[in-house]
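Read through the structure below, which is laid out as structure tokens, and then see the notes.
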Amino acid sequence: MTKIVKTRFAPSPTGYLHIGGGRTALFNWLFAKHHQGEFLLRIEDTDRARSTKEAVDAILDSLKWMGLDWDGEPIFQFSRRDRHIEVAHEMVEKGQAYFCTCTPDDLKKMREEQKAHGKPLGYDRRCRDKGHTSGAIRIKAPTLQNEEMLIQDKVQGDVHVALSKLDDMILLRSDGTPTYMLSVVVDDHDMDITHIIRGDDHLNNAFRQNTIYNVMDWTPPEYAHIPLIHGADGKKLSKRHGAVGLEAYRDMGYLPEAMRNYLLRLGWGHGDTDIISTEEAIRLFDLKDIGRAPSRMDFSKLASVNAHYMRQCSEDQLITMLLPFIEKILGEKPDEIGIRRLEKGLHDLKERAQTLVELAQAGLFYVRHRPLPINEAANKVLDRQLLGEIRSILAGLSEFRNDTIETSLKEFSIQKGLKLGKIAMPLRAALTGMTKSPSIFHVAEILGKEETMARLDDLE
RNA sequence: GUCCCCUUCGUCUAGAGGCCUAGGACACAUCCCUUUCACGGAUGCGACACGAGUUCGAAUCUCGUAGGGGACGCCA
């Protein structure tokens with residue numbers, strides 16, 4: 001009988017959810033779903049000084065927005081500290097861990113000396129055999145010469161490290177609180193986590209953590225260390241690359257499904273397919289298809305994926321997502337008439353926007369109150385005399401529809417010996433205040449005869 | 001400094017020794033469509049980091065070199 005697959009996402013609540021963290025969460029979620037397993041959320045708040053409630057909320061919000069639902073309640077690691085402490089003492093009793101009385105100052109000095117002599121950095125085990133009975137607790141890392149430890153990583157393959165490289169890390173701080181290194185192992189073990197999928201900045205930690213599994217005689221989980229996401233310049237993603245927190249992407253108007261698709265394809269591939277729905281992703285996801293090289297954030301690709309999902313989205317769903325953005329630009333809630341116009345216009349509008357922000361800007365003229373602000377480019381093409389003639393033609397239409405408007409204005413253009421564009425553009429400027437819009441005949445129909453006339457009259 | 005990992009178009013990737021004159025997507029360029037902007041369609045630009053080896057044959061295997069990334073905390 002095989003164990004049920006259990007993964008976990010374990011962010012530390014010291015800030016917003018990083019986009020790389022979002023992808024890690026996504027991979028854990030997909031892997032669990034693929035195997036009909038469980039995906040747990042554990043908040044790693046053992047660093048009391050840096051953990052905040054705000055950060056916890058921000059992380060939860062972002063995960064919810066991404067559509068990554070976890071099983072059960074989030075687990076707060078610090079609440080399990082008694083159990084962690086108990087394990088640390090058990091290791092001391094087993095003779096596999098010891099008390100250390102070195103001060104941070106001592107250690108700093110030690111490291112400086114190691115650096116100065118070009119020696120490998122690491123604790124020199126000076127307290128190991130002193131038999132102290134208080135202080136911080138350190139694990140006794142195996143010291144066999146010429147031996148190595150092997151980790152069969154699902155992404156990185158076989159990775160070997162010489163045991164001599166593992167130092168006696170701290171399990172319990174001198175104030176009695178457990179460290180991350182101890183807590184993760186105890187929690188992952190107690191929670192029956194079968195697969196640890198995390199950033200490859202933790203690859204080295206896997207070896208150190210395995211020494212704890214070994215001492216406790218526990219079976220280590222499977223590891224999958226995924227490469228990090230870099231900025232467009234190939235450097236570690238940081239604030240100077242622009243958006244790093246997931247909530248920033250929400251505010252820039254990206255759709256959750258687009259985000260999932262884009263992040264999935266960053267470092268994971270399935271043949272030539274670029275557009276992969278979440279359902280497909282669950283079906284196809286496999287750790288062996290994760291690449292081993294770090295990948296770079298590409299905003300234009302994200303935008304194009306987003307455009308795809310916006311086009312695919314029903315007008316119904318789209319308007320719900322769009323309204324907050326409209327409201328933000330407008331500075332107030334649009335009225336019912338405006339919303340209805342906008343909704344009708346969405347079908348044509350969504351073809352020409354890549355984000356909800358762009359879509360909101362492009363559709364703003366539907367919800368704006370008269371008189372409409374006219375931008376500079378539009379002002380240049382406003383031929384008031386010609387618009388006057390256009391107005392009288394439109395005024396004469398008994399049926400105010402896309403096709404009747406177009407036909408009448410085409411006739412007019414032939415009559416005047418003008419290209420249709422010469423007529424359509426001033427009308428566009430007058431009705432939208434811009435020089436870019438969907439078919440202006442269609443726009444006029446949606447605005448309705450009354451509003452169209454009124455907007456033309458506003459120009460006089 | 002020490003250890004670990006990585007390396008196909010600008011970017012994300014396909015590629016498991018002959019199917020590769022290396023495929024797709026995004027970006028870019030040109031053209032078509034067209035009332036503007038988009039969408040759509042067509043074409044183009046463009047990569048196996050380098051050097052040795054193994055082999056009849058290497059993007060694919062081996063070894064070096066170079067470059068990039070990560071880690072070395074009483075942070076996570």
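Chain letters run A, B, ... following the sequence lines, proteins first, then strands; residues in each count from 1.
Nucleic acid contact for A:Cys102: base, since at least one base atom lies under 4.0 Å from a heavy atom of the residue. Within the 4.0 angstrom heavy-atom criterion, only backbone atoms of the sugar-phosphate kind lie near A:Arg296; the bases stay farther away. Within the nucleic acid shown, A:Thr46 comes within 4.0 Å of sugar-phosphate atoms alone, with no base atom in reach, counting heavy atoms only. Residue A:Gly199 is out of contact with every strand shown, counting any heavy-atom pair closer than 4.0 Å. Among the atoms of the strands shown, base atoms are found under 4.0 Å from some heavy atom of A:Ser174. Within 4.0 Å of A:Leu203, counting heavy atoms only, lie sugar-phosphate atoms of the nucleic acid but no base atom. If you check every strand for non-hydrogen atoms under 4.0 Å, A:Leu107 touches a base.
Listed nucleotides B:C5, B:G24, B:U35 differ in distance to A:Asp272; the shortest reach to its side chain belongs to B:G24. When each of B:U35, B:C3, B:C5 is scored by its nearest atom to the side-chain atoms of A:Val161, the top-ranked nucleotide is B:C3.
At a cut-off of 3.5 angstrom, counting only N and O atoms as typed in the model, there is no donor on one side facing an acceptor on the other between the side-chain of A:Asp348 and the base of B:A38.
Taking atom P on both B:A16 and B:C61, the two are 11 Å apart, rounded to the nearest angstrom. Across the C1' atoms, B:G41 and B:C4 are found 49 Å apart, a figure rounded to whole Å.
The interatomic distance linking A:His230 (NE2) with B:G67 (C1') rounds to 14 Å, in whole Å. One interatomic measurement links the two molecules: CG of A:Asn306 to P of B:C26, which rounds to 15 Å at whole-angstrom precision. One atom, CG of A:Leu420, and another, P of B:U35, lie 6 Å apart when rounded to the nearest Å.
Contact check, A:Arg48 against B:A76: no side-chain N or O comes under 4.0 Å of OP1 or OP2. A close approach under 4.0 Å does occur between a side-chain nitrogen or oxygen of A:Ser295 and OP1 or OP2 of B:U13.
Listed for the A:Glu358 side chain is a donor-acceptor partner under 3.5 Å among the backbone atoms of A:Gln354. For the pair A:Ser51 (side chain) and A:Arg48 (backbone), a donor-acceptor distance under 3.5 Å is absent.
Here A:Lys410 pairs with A:Glu406 in a salt bridge; the nearest charged N to carboxylate O distance falls below 4.0 Å.
For the 3.5 Å distance criterion, the side chains of A:Asp175 and A:Thr177 qualify, holding a donor opposite an acceptor.
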